[in-house]
Amino acid sequence: MFRISSALKQAFASHTAAAGRPAKKTSKRRRVFFLLLALFHTLGALSSLDALMSSRTSQGSIAWIVSLNTFPYAAVPAYWVFGRSRFQGYVISRKETDHELFAKHQLKTAGVEPYVMASNRIRGSIEAVETLAKMPFLTGNNAQLLIDGQQTFDSIFDGIRQAEQYVLVQFYIVRDDQIGRQLQQLLIEKARSGVAVYFLFDEIGSYRLPKRYTQELADAGVFVRPFHSTKGPGNRFQLNFRNHRKIVVTDGHHGWLGGLNVGDEYLGEDPRFGQWRDTHLKLSGPAVLGLQLSFVEDWYWSSEQLPNLNWQAQPANGSDVPVLIIPSGPADRFETASLMMQHALNSATKQIWIASPYFVPDEGTVAALKLAALRGVDVRILIPERTDNLLVSLAAYAFVGPLLDAGIKIYRYQQGFLHAKSFVLDEQIIAVGTVNLDNRSFRLNFEITALLADAELNQQLQQQFLLDFSQSRQMTLDEVQSRPWYKRAASQAANLMSPVL
């Protein structure tokens with residue numbers, strides 16, 4: 001009996017020990033699991049505090065705070081990749097501080113004073129936009145509107161061929177295709193001839209650009225840099241900030257900016273979209289120094305080096321167009337692009353026609369659009385019928401109904417893809433640049449815009465708008481209101497993502 005009892009005890013003890021080992025492992029896994037849960041919720045709480053203090057819109061703050069505290073496991077990494085609204089550490093040379101870049105660049109002493117425009121040349125207040133740009137309108141310029149890809153690339157390539165001292169090239173997207181290789185070979189040719197060539201690209205927009213492409217440029221003596229939007233401890237994980245600027249400058253006298261990147265699709269060779277409708281601009285004269293300064297700021301951020309450039313203003317022959325160059329971005333003190341658009345809308349007395357491929361405006365812009373229409377201004381918005389971003393297309397329907405109800409005319413371009421970013425203001429002002437009517441351009445991207453005060457250019461761009469309107473269909477309020485409920489719900493859901501679209 002004793003032996004049986006002892007055997008049973010030994011067997012029980014052995015079983016308990018065997019069962020205890022996985023129980024301890026399970027307990028350890030549970031502790032690790034709960035520690036991870038606690039860590040994510042702590043990070044969520046800390047991140048929500050950052051979102052509260054740094055987000056620029058109340059909607060954005062609320063959305064991030066709710067998601068960071070209710071489901072931090074996905075929201076925390078998403079926030080540190082997409083959620084922040086300030087670009088940390090970027091040096092803006094137009095700030096009146098004693099940092100190295102401001103001390104070195106020579107724009108303040110470049111002799112532009114004779115070309116500063118008298119304020120009475122433009123009707124209405126211009127002080128606000130000049131303050132935003134931290135530069136004045138400059139006279140003595142020649143400007144040429146460039147419509148669509150072939151005309152634009154012909155002009156840019158011809159300008160590069162004529163360059164004698166240096167060429168500055170900056171694009172958001174550069175592709176290794178036919179037009180991209182033409183640009184590459186032209187820059188290589190200029191570099192080998194002794195012209196200094198600087199090539200700056202956005203590594204997010206140009207993520208498909210092979211290393212071989214930039215290496216061949218560098219091997220030929222071209223100075224090549226990615227923008228480095230993740231440079232700096234505050235931006236380490238950020239993929240949300242993009243340098244969306246498109247700038248070419250030759251010798252400090254001629255410059256180009258507008259909507260076109262470098263790729264065959266911009267020549268209308270994309271089988272999905274066909275014709276690519278875009279607007280670019282060529283400038284000659286003192287205003288080119290504003291383009292050059294914007295490039296130098298971006299180059300300095302990416303390389304911490306300053307190229308040796310010409311900063312002496314040179315007027316264009318036989319032309320006197322006032323031009324203001326307005327760079328904007330997430331490092332600005334104010335929301336430059338958004339305020340520029342609202343100022344234009346609030347200044348309009350007769351008409352404002354706007355072209356934008358991406359239409360997800362913020363509350364201030366929506367209010368300014370409505371007010372302009374309600375006081376009798378002819379407000380028209382031109383957007384594409386077909387788009388390369390489904391979420392943006394869906395989100396746009398959340399805005400068009402109330403705008404149509406206020407009397408705003410909205411046209412959807414039918415002949416391919418509309419990618420122009422421009423507007424006509426009354427009978428004197430036009431704007432051409434890279435800014436879309438969306439939160440990304442207003443707050444997250446580095447952008448650039450040229451404002452021009454010239455009646456003849458205004459008429460030229462008006463004629464182009466009229467041609468585009470004739471190739472578009474006008475939206476109706478009934479069209480929006482009669483959409484199926486599930487499409488309306490999808491539009492509202494997409495609109496929730498507008499802060500990062």
Side-chain angles (χ1 to χ4, degrees), residues 117 119 121-138 143 145 257-259 279 281 287 290 321-329 332 334-383 399 403 406-411 420-443 445 447-455 457-462 464-465 468:
M117 184 192 69
S119 59
R121 284 193 60 175
I122 299 179
R123 294 188 300 273
S125 173
I126 64 170
E127 289 82 2
V129 287
E130 289 185 326
T131 301
L132 286 171
K134 296 183 174 64
M135 288 183 65
F137 269 92
L138 297 178
L145 286 172
L257 77 158
T279 302
L281 183 71
V321 177
V323 179
L324 176 64
I325 301 298
I326 309 179
S328 56
D332 294 356
F334 302 108
E335 294 171 353
T336 302
S338 176
L339 292 176
M340 174 194 70
M341 180 55 65
Q342 291 180 54
H343 181 71
L345 290 164
N346 292 328
S347 301
T349 59
K350 295 181 179 179
Q351 68 183 85
I352 183 162
W353 298 348
I354 305 168
S356 177
Y358 309 109
F359 184 67
V360 192
D362 59 12
E363 286 187 356
T365 302
V366 169
L369 284 165
K370 291 179 180 178
L371 285 171
L374 291 173
R375 67 175 183 267
V377 175
D378 178 12
V379 182
R380 306 188 195 184
I381 300 170
L382 180 65
I383 58 178
F399 299 94
L403 294 179
I408 294 170
K409 299 174 183 177
I410 299 178
Y411 295 82
K421 306 119 182 351
S422 59
F423 66 76
V424 168
L425 171 61
D426 293 335
E427 298 173 348
Q428 189 175 15
I429 301 292
I430 68 168
V432 176
T434 67
V435 174
N436 298 303
L437 261 70
D438 63 6
N439 184 70
R440 174 160 294 284
S441 278
F442 286 169
R443 296 180 176 86
N445 286 348
E447 308 278 7
I448 193 159
T449 303
L451 287 181
L452 299 91
D454 185 79
L457 287 168
N458 184 286
Q459 282 296 313
Q460 290 179 24
L461 192 54
Q462 279 198 50
Q464 184 59 53
F465 265 101
D468 293 336

Distance (rounded to the nearest 0.5 Å) between Thr449 OG1 and Leu257 CG:
8.0 Å

Calculate, to the nearest 0.5 Å, the distance between atoms CG and CG belonging to Leu382 and Asp468 respectively.
5.5 Å

Tyr411 side, atom OH; Phe465 side, atom CZ - distance, nearest 0.5 Å:
11.5 Å

Which distance, rounded to the nearest 0.5 Å, do you find between the CD1 of Ile430 and the OG1 of Thr279?
9.5 Å

Which heavy atom of Val323 sits nearest a heavy atom of Ala450, and at what distance?
CG1-CB, 4.5 Å

For the residue pair Ile408 and Ile381, establish whether any side-chain heavy-atom pair is separated by less than 4.5 Å.
yes

Looking at Ala143 and Leu457, what are the two nearest heavy atoms and their distance?
CB-CD1, 3.7 Å

Heavy atoms of Ala373 and Ala406 approach each other most closely as CB-O, 3.5 Å

Would you mind reporting whether Val360 and Asn439 have side-chain heavy atoms less than 4.5 Å apart?
no

Could you state the interatomic distance from NZ (Lys350) to CG (Asp378), rounded to the nearest 0.5 Å?
12.0 Å

With heavy-atom distances below 4.5 Å as the criterion, would you say the side chains of Leu339 and Phe442 are in contact?
no

Using side-chain heavy atoms (C-beta onward) and a distance below 4.5 Å, is Ile326 in contact with Val435?
no

Is the backbone N or O of Gly329 less than 3.5 Å from a side-chain atom of Asp332, with the two atoms forming a donor-acceptor pair by type?
yes

Determine, stepwise, if the pair Leu371 / Leu345 fulfils side-chain contact (heavy atoms from CB on, under 4.5 Å).
CA-CA 8 Å; Leu371 285 171; Leu345 290 164; over 6 Å; no

Under a 3.5 Å distance rule, please check whether Asp438 uses its side chain to pair with a backbone N or O of Phe359 as donor and acceptor.
no

For the residue pair Ala337 and Ser441, what are the closest heavy atoms and their distance?
CB-O, 3.8 Å

Tightest non-hydrogen contact, residues Pro361 and Val366, listed as CG-CG2, 3.6 Å

Under the side chain to side chain contact (heavy atoms under 4.5 Å, CB included) test, which residues partner Ser356, sequence neighbours left out?
Asn436, Leu437

Is it the case that the side chain of Ser422 and the backbone of Ala355 share a donor-acceptor pair, with hydrogens and angles ignored and the cut-off at 3.5 Å?
no

Would Leu403 and Lys370 count as a side-chain contact (heavy atoms from CB on, under 4.5 Å) here? Give the steps.
CA-CA 6 Å; Leu403 294 179; Lys370 291 179 180 178; 3.9 Å; yes

Within a strict 4.5 Å, meaning less than it, do heavy atoms of the Met341 and Ile354 side chains meet?
yes

Suppose we screen for salt bridge (Lys or Arg N to Asp or Glu O under 4.0 Å). Which residues come up paired with Asp454, at least two apart in sequence or across chains?
none

Locate the shortest heavy-atom distance separating Leu451 from Phe423; write the atom from each residue and the value.
CD2-CZ, 3.8 Å

How long is the straight-line distance from CD1 of Ile410 back to CZ of Arg380, given to the nearest 0.5 Å?
13.0 Å

Using the side-chain contact (heavy atoms from CB on, under 4.5 Å) definition, which of the options Glu447, Glu335, Met340, Arg443 pairs with Ser328?
Glu447

